[in-house]
Amino acid sequence: MRFVVYGAGAIGGVVGGRLFEHGHDVTLIARGEHLRVIQSVGLRVDSPGGSITLEIPAAASPREVQWHGDEAVLLCVKGQDTVGALDDLRLAAPPSVAIFCLQNGVANEREALRRFAHVHGVTVMAPTGHLEPGAVQAWSDPIAGMFDVGRYPSGVDGADEAFAQACEESRLQSIPRPDIMRWKHAKLLMNLGNAVQALFEGQDGADEVARAARAEGREVFAAAGIDHASAEEDRERRGDVLQIGAIDGLERGGGSTWQSLARGQGTVETDLLNGEITLLGRLHGVATPINERLQRWMAAANAGGAAPGSADLAAFLAEG
Ligand SMILES: CC(C)(CO)C(=O)C(=O)O
């Protein structure tokens, strides 16, 4: 399988790096200083087991890639960048390529299917990091993450089997699943806590707000008739595969939304995560005040305005 990884940040860098390290044909599409460092020095992948620098092919745009038509494009950008990435890909990638969405949320696959015929969903359970150009971190070893895969909206085909096998050969875990969106909806419930972590990590009431955001999510899924893997299935799947360790000289920060804020990226994924619950709530007549409030708080913090603090959190909880 030939892989083109669009978005070589935390997830794309670790997945592309591990696949390349284990002998697969990989090209990264990256930008700016990150691309410059990868092209001049290589991509450094740090993990508790050590660091490796990989001279991995990298390009600034799909127009620089030599396409054959049978590539697996691993879409690893944040949800807010999906449409731009797909439009960019469509200008150069043949329509026969398979798009694998290694992304949080449940809206990316639909956007991909508007533009490409072969679309696959992938659940991303991988504690990874990317805060400095040219380097990414895989915080768990020896398995860097779990990437269950399936055809969108349902089914499993040969491309799913080939993707899962390449992962298994590369210290990444993947199980082909005919009901992949059931698992991606369960993962979305987990990611409703991303905004809470980014805004209120460690503050009193933060856990309560994350729990309440997830309860709204479950209520909305029930009203919308959306099936999702249960907490037990999720726990059983994860088991103790991901062994999180320490990396010499590096602090482990937060999840993906925390990292987007820390990088001062200017946009975060919250409207595709908590906003999915708000959207479904509005469509199906379920109130979602907590997810809505998280979206508004995050929009303000992201625009460089006054970030909400513990007093806002306490006042919000007191409102009931
Ligand atoms: C599970 C985790 C923390 C890493 O894959 C995640 O989904 C995120 O940071 O968005």
Side-chain angles (χ1 to χ4, degrees), residues 5 7-18 45-48 74-82 100-109 121-131 136-141 143-149 167 171-175 180-181 183-202 206-207 210 213-214 217 228-229 231 233-235 237-245 247 251-263 265 267-277 291 294-295 298 302:
V5 180
I11 295 297
V14 167
V15 172
R18 288 289 184 241
V45 182
D46 305 313
S47 70
L74 308 189
L75 195 58
C76 298
V77 296
K78 294 279 177 295
Q80 67 273 22
D81 298 321
T82 291
F100 289 77
C101 298
L102 280 73
Q103 298 169 290
N104 287 335
V106 291
N108 304 290
E109 288 78 6
V122 182
T123 50
V124 174
M125 198 66 75
T128 57
H130 168 52
L131 291 170
V136 292
Q137 288 77 44
W139 287 96
S140 65
D141 244 347
I143 304 295
M146 293 190 294
F147 300 91
D148 289 0
V149 64
C167 285
R171 287 158 67 195
L172 308 165
Q173 262 210 356
S174 177
I175 299 176
I180 192 64
M181 296 314 286
W183 293 87
K184 289 200 78 154
H185 278 90
K187 176 69 197 310
L188 173 59
L189 289 176
M190 176 180 171
N191 286 133
L192 297 180
N194 283 25
V196 182
Q197 182 196 48
L199 294 170
F200 302 112
E201 173 80 332
D207 290 349
R214 292 187 182 114
H228 60 89
E233 283 176 291
D234 221 20
R235 253 196 308 277
R237 166 66 185 108
R238 273 185 252 165
D240 55 3
V241 173
L242 295 180
Q243 302 289 338
I244 311 237
I247 302 179
E251 281 281 316
R252 180 151 180 249
S256 54
T257 303
W258 181 92
Q259 291 178 47
S260 293
L261 270 192
R263 276 196 303 269
Q265 204 166 284
T267 61
V268 291
E269 219 167 25
T270 308
D271 287 339
L272 278 305
L273 304 177
N274 306 83
E276 184 72 26
I277 302 307
N291 285 285
L294 285 166
Q295 281 178 268
M298 185 55 86
N302 208 34

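Whatever order the structure lists them in is the order used to number ligands and atoms, beginning at 1.
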Heavy-atom gap Gln259 to ligand 1 smaller than 4.0 Å: no
Measuring from [X]:[atom1] to [Y]:[atom2], what's the distance to the nearest 0.5 Å?
X: Leu74; Y: Phe147; atom1: CG; atom2: CZ; value: 9.5 Å
X: Ile277; Y: Arg214; atom1: CD1; atom2: CZ; value: 11.0 Å
X: Met146; Y: Met125; atom1: CE; atom2: CE; value: 5.5 Å
X: Thr257; Y: Glu269; atom1: OG1; atom2: CD; value: 6.0 Å

Val122 and Ile180: CA distance, side-chain angles, deciding distance, side-chain contact (heavy atoms from CB on, under 4.5 Å) verdict: CA-CA 7 Å; Val122 182; Ile180 192 64; over 6 Å; no
With a cut-off of 4.0 Å, which atoms of ligand 1 are near a heavy atom of [X]?
X: Ser256; result: 8 (C), 9 (O), 10 (O)
X: Gly255; result: 9 (O)
X: Asn104; result: 7 (O), 8 (C), 10 (O)
X: Ala126; result: 4 (C), 5 (O)
X: Val124; result: 5 (O)

Residue part near ligand 1, for Asn194, under 4.0 Å between non-hydrogen atoms: side chain
Closest protein heavy atom (residue, atom, distance) for atom 6 (C) of ligand 1: Asn191 ND2, 3.6 Å
Nearest-contact summary for atom 7 (O) of ligand 1 - protein heavy atom, Å: Lys187 NZ, 2.7 Å
Any Lys78 side-chain heavy atom under 4.5 Å of Ser256 side chain: yes
Atom 3 (C) of ligand 1 within contact range, any protein heavy atom under 4.0 Å: no
Nitrogen or oxygen atoms of Met190 and ligand 1 under 3.5 Å apart: no
Closest approach of His130 to Gly9 (non-hydrogen atoms, all atoms of both residues): CD2-CA, 3.7 Å
Check ion pair Arg171-Asp141 (N to O, under 4.0 angstrom): yes
